[in-house]
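To start, the structure under review is shown below, and the notes come after it.
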Amino acid sequence: MNNLLILLALIPFSVVLNTMGQILLKSGSGQGIVSLNVFLGLVAYAISTVSYIFILKRLNVSVAYPLVFGLTIIATTLAGANILKEQVTVQQWMGVGLVISGICAISFGKIL
């Protein structure tokens with residue numbers, strides 16, 4: 001049970017930091033390689049990577065990778081649309097739906 005609670009905290013933490021890294025790098029990409037947003041994006045990635053290592057300690061990589069990075073794809077698509085005001089096509093939303101179904105197929109039976 002304790003392991004499950006740790007995972008329920010670490011997985012969203014890693015996903016949020018990874019998504020923040022993506023958004024910060026995108027927003028800093030027009031400012032040159034040395035900018036505050038690029039630096040903060042790299043820091044977010046570094047912390048996300050450390051949290052992912054703790055996730056790998058508790059889950060098989062065959063479950064952890066699709067779960068964490070599938071959720072990151074979903075979160076990044078939503079953040080890109082809402083924060084960066086990027087246009088997301090119907091086909092991309094269909095892809096997000098497929099990612100969700102893949103996460104369900106791969107992960108839920110292994111975690112719970």
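Position 1 is the first residue of the sequence, and the numbers go up from there. The basis for the numbers below is simple: all heavy atoms, side chains too, and nothing from hydrogens, waters or symmetry mates. This is a predicted model, so every value here is computed, not measured.
Taking hydrophobic clusters as Ile, Leu, Val, Met, Phe, Trp and Tyr residues chained together by side-chain heavy-atom distances below 4.5 Å, Val88 does not share a cluster with Leu84. Both Ile100 and Val68 are members of a single hydrophobic cluster when ILVMFWY side chains are connected at heavy-atom separations under 4.5 Å. Note on Phe69 and Val99: same hydrophobic cluster, where clusters join Ile, Leu, Val, Met, Phe, Trp and Tyr whose side-chain heavy atoms are under 4.5 Å apart, directly or indirectly. By the criterion of side-chain heavy atoms lying less than 4.5 angstrom apart, applied directly or through intervening Ile, Leu, Val, Met, Phe, Trp or Tyr residues, Leu59 is grouped together with Val61 in one hydrophobic cluster. Transitive grouping of hydrophobic side chains (ILVMFWY, heavy atoms separated by less than 4.5 Å) keeps Trp93 and Ile83 in distinct clusters.
The local environment of OH in Tyr65 is sparse, with at most 12 non-hydrogen atoms from other residues, nucleotides or ligands closer than 6.0 Å. Applying the 6.0 Å contact sphere to CZ of Phe54 captures no more than 12 heavy atoms from other residues, nucleotides or ligands.
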Do Ile103 and Ile74 pass the side chain to side chain contact (heavy atoms under 4.5 Å, CB included) test, and can you show the C-alpha distance, the side-chain angles, and the key distance before you say yes or no?
CA-CA 11 Å; Ile103 290 169; Ile74 297 164; 3.9 Å; yes
For a side chain to side chain contact (heavy atoms under 4.5 Å, CB included) check, start with the C-alpha distance between Leu25 and Asn37, then their side-chain angles and the critical distance, and finish with the verdict.
CA-CA 6 Å; Leu25 289 176; Asn37 283 349; over 6 Å; no
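The two residues Ser35 and Gly28 have their closest heavy-atom pair at OG-O, 3.8 Å. When all heavy atoms of Ser27 and Gln31 are compared, the closest pair comes out as O-NE2, 3.5 Å. Listed here is the closest heavy atom pair of Gln87 and Gln92: O-OE1, 3.8 Å.
Side chain of Thr19 to backbone of Val15: a donor-acceptor contact under 3.5 angstrom is found. Asn82 places a side-chain N or O within donor-acceptor distance of the main-chain N or O of Leu78, the cut-off being under 3.5 Å. With Ser51 contributing its side chain and Ser48 its backbone, the two residues share a donor-acceptor pair below 3.5 Å. With hydrogens and angles ignored, the 3.5 Å screen pairs a side-chain donor or acceptor of Thr77 with a backbone N or O of Ile73.
Summarising the hydrophobic clusters (Ile, Leu, Val, Met, Phe, Trp, Tyr; side-chain heavy atoms under 4.5 Å, direct or chained), the residues clustered with Val43 are Phe13, Val16, Leu17, Met20, Leu24, Leu36, Phe39, Leu40, Ile47.
Shown are Val63, Leu67, Leu10, Ile6; of these, the side chain to side chain contact (heavy atoms under 4.5 Å, CB included) with Ile55 is made only by Leu10.
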